[in-house]
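So the structure is just underneath, and the comments pick up after that.
Side chains included, hydrogens not; waters and symmetry mates left out as well; all remaining heavy atoms used.
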Amino acid sequence: MTILDGKKTSNDIKNEIKAEVDKMKANGEKVPHLAAVIVGNDGASLTYVGSKVRACERVGFESTMVRMTNMTSEIELLDKIEELNQNEDIDGFIVQLPLPPQIDTQKVLLAVDPDKDVDGFHPTNFGKMSLDMSTFIPATPFGILELMDRYGVETKGKHTVVIGRSHIVGRPMSILMGRKGFPGNSTVTLTHSHTKNITQITSQADIIITALGVPGFLKAEMVKDGAVIVDVGITRVPDETRERGYYITGDVDFEPVSKKASFITPVPGGVGPMTIAMLLKNTLLARERHRAMSKNK
């Protein structure tokens, strides 16, 4: 069994990006600039955005954090997004989810300029991804593909089962694993809360990608020997015996499942670190695109 080490791989990617940025600086070129908009005081969101800002510093990107209060109206947020769309200094930006209840998330995601949508959530980018066109791939699925690529996980002709159909992970992952090329060319089954006989389906899978957010959902008896297991779930489980008062776990019952798997991602340290690394990669791609567009003007 091989651990798909997202921590190590994400560090490798950050080092590669830093080398690219160092070249840009040496040539007197503008370095990539990522902005993050956060509305309210959600603890997990603040932690996540803070880690994105630190990652930008590490690779030499410029970064801007735009903080707005919990009472921000939809109009105010849309105005801020339009300001970022028009700001030529910013190559890409993200709007951290979840948003407060008074704001329509769909309307906000639609307002982001697709050329700056480094999260890959805009329907234009999602549509291009579905058609195998060059675009921003959502960061978590992008990270999973990169892990499989770097560890040489065979996907061609394999049966991939995706558990969960969210727009951020499950749905795009099912499309990407079925696309032509590598990683891809697999036969995909997308399962969800209404799927019957899920154990029967997962036990036939060569690759299982689970993004449910249900701790320990995937048990050893649901997995065949030699399967590749990618755990996207991340849940804080209260535990008074621990210093923090909780522990972090994934969707996979790790110890028993790992004994049957050929490859498996740990939680934490698997898919999570890859998400931020690929967000940086998308921002680098955005900078290169904007540079090419300005040359063609």
Side-chain angles (χ1 to χ4, degrees), residues 17 20 24 29-39 45 48-49 52 55-56 61-66 68 72 74-99 103-146 165-181 184 274-297:
I17 293 171
E20 289 285 324
M24 288 178 173
E29 294 171 16
K30 178 190 174 306
V31 301
H33 187 165
L34 174 68
V37 181
I38 184 159
V39 185
S45 292
Y48 193 44
V49 170
K52 287 172 181 172
C56 283
F61 284 10
E62 286 183 38
S63 66
T64 300
M65 195 201 277
V66 179
M68 304 180 82
T72 300
E74 191 177 276
I75 293 287
E76 285 170 319
L77 179 54
L78 290 171
D79 284 346
K80 179 54 72 177
I81 287 169
E82 186 51 29
E83 193 184 302
L84 294 169
N85 284 340
Q86 298 301 327
N87 185 340
E88 289 189 9
D89 189 52
I90 288 172
D91 296 296
F93 68 94
I94 61 152
V95 180
Q96 186 63 39
L97 304 179
L99 293 167
I103 297 172
D104 182 339
T105 300
Q106 208 61 33
K107 202 181 279 187
V108 166
L109 296 179
L110 277 168
V112 176
D113 179 349
D115 283 332
K116 294 190 176 189
D117 167 42
V118 287
D119 255 339
F121 293 163
H122 194 283
T124 297
N125 289 326
F126 202 96
K128 283 182 174 178
M129 178 199 71
S130 303
L131 295 168
D132 279 351
M133 294 166 73
S134 174
T135 190
F136 298 120
I137 296 173
T140 301
F142 196 6
I144 294 167
L145 294 178
E146 195 71 16
R165 54 180 168 182
S166 75
H167 295 170
I168 295 171
V169 182
R171 191 84 54 89
M173 212 62 239
S174 68
I175 294 165
L176 291 162
M177 289 302 287
R179 69 180 180 169
K180 289 179 180 175
M274 294 298 294
T275 299
I276 291 179
M278 303 322 280
L279 180 69
L280 297 175
K281 199 153 185 177
N282 273 344
T283 307
L284 181 64
L285 177 65
R287 169 82 295 265
E288 287 166 353
R289 276 196 197 169
H290 293 148
R291 187 176 61 205
M293 281 160 66
S294 64
K295 275 183 186 171
N296 293 332
K297 276 183 183 174

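Between atom CD of residue E74 and atom CD1 of residue I103 there is a gap of 7.0 Å, rounded to the nearest 0.5 Å. Remark: D117 CG to T124 OG1 distance equals 8.5 Å, nearest 0.5 Å. The CG atom of L34 sits 10.5 Å away from the CE atom of M65 when rounded to the nearest 0.5 Å. With rounding to the nearest 0.5 angstrom, the CD atom of Q86 is 12.5 Å from the CD1 atom of I81. Taken to the nearest 0.5 Å, the NZ atom of K128 stands 6.5 Å off from the CG atom of N125. For the atom pair K30 NZ and S294 OG, the distance stands at 10.5 Å (nearest 0.5 Å).
Residue P172 comes nearest to S166 through the heavy atom pair CD-O, 3.6 Å, listed as atom of the first residue, atom of the second, then distance. Considering every non-hydrogen atom in both D132 and R179, the closest pair reads OD1-CB, 3.3 Å. Contact between K116 and L84 at its shortest, heavy atoms only, is NZ-O, 2.8 Å. Of all heavy-atom pairs spanning Q96 and V49, the tightest one is OE1-CG2, 3.5 Å. Pairing each heavy atom of A277 with each of I17, the nearest pair is O-CD1, 3.9 Å. Across all non-hydrogen atoms, the minimal contact from N282 to V118 is ND2-O, 2.9 Å.
For the pair R289 and D91, the salt-bridge criterion is not met [side-chain N within less than 4.0 Å of a carboxylate O]. A salt bridge links E146 with K281: at least one charged nitrogen is closer than 4.0 Å to a carboxylate oxygen.
Although no hydrogens or angles enter the test, the distance criterion places no donor-acceptor pair under 3.5 Å between the side chain of E62 and the main chain of P32. Remark: the backbone N or O of D89 is paired with a side-chain donor or acceptor of N87 at under 3.5 angstrom.
L77 places a side-chain heavy atom less than 4.5 Å from the side chain of M68. Side-chain contact between F93 and V66 is absent, with no heavy atoms from C-beta onward closer than 4.5 Å. Within the 4.5 Å cutoff, no side-chain heavy atoms of T105 are placed close to those of F121. Residues F126 and I175 have side chains in contact (heavy-atom distance under 4.5 Å, counting atoms from C-beta outward). With contacts defined as side-chain heavy-atom distances shorter than 4.5 Å, the pair I168/P138 does not qualify. Using a 4.5 Å heavy-atom threshold, the side chains of R291 and R287 count as touching. Contact of the F61 side chain with the L280 side chain is registered, since non-hydrogen atoms from C-beta on lie closer than 4.5 Å. Contact check for M173 versus L145: side-chain heavy atoms found under the 4.5 Å cut-off.
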Residue pair V37, I94: steps toward the side-chain contact (heavy atoms from CB on, under 4.5 Å) verdict: CA-CA 6 Å; V37 181; I94 61 152; over 6 Å; no
Verdict with supporting geometry, N85 and E82, side-chain contact (heavy atoms from CB on, under 4.5 Å): CA-CA 5 Å; N85 284 340; E82 186 51 29; 3.4 Å; yes
task: Determine, stepwise, if the pair M293 / D115 fulfils side-chain contact (heavy atoms from CB on, under 4.5 Å).
output: CA-CA 11 Å; M293 281 160 66; D115 283 332; 4.2 Å; yes
Residues L176, F142; criterion side-chain contact (heavy atoms from CB on, under 4.5 Å); working and verdict: CA-CA 9 Å; L176 291 162; F142 196 6; over 6 Å; no
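For S63 and H33, the side-chain atoms include no donor-acceptor pair closer than 3.5 Å.
Within a 6.0 Å sphere centred on NZ of K52, other residues, nucleotides and ligands contribute more than 12 heavy atoms.
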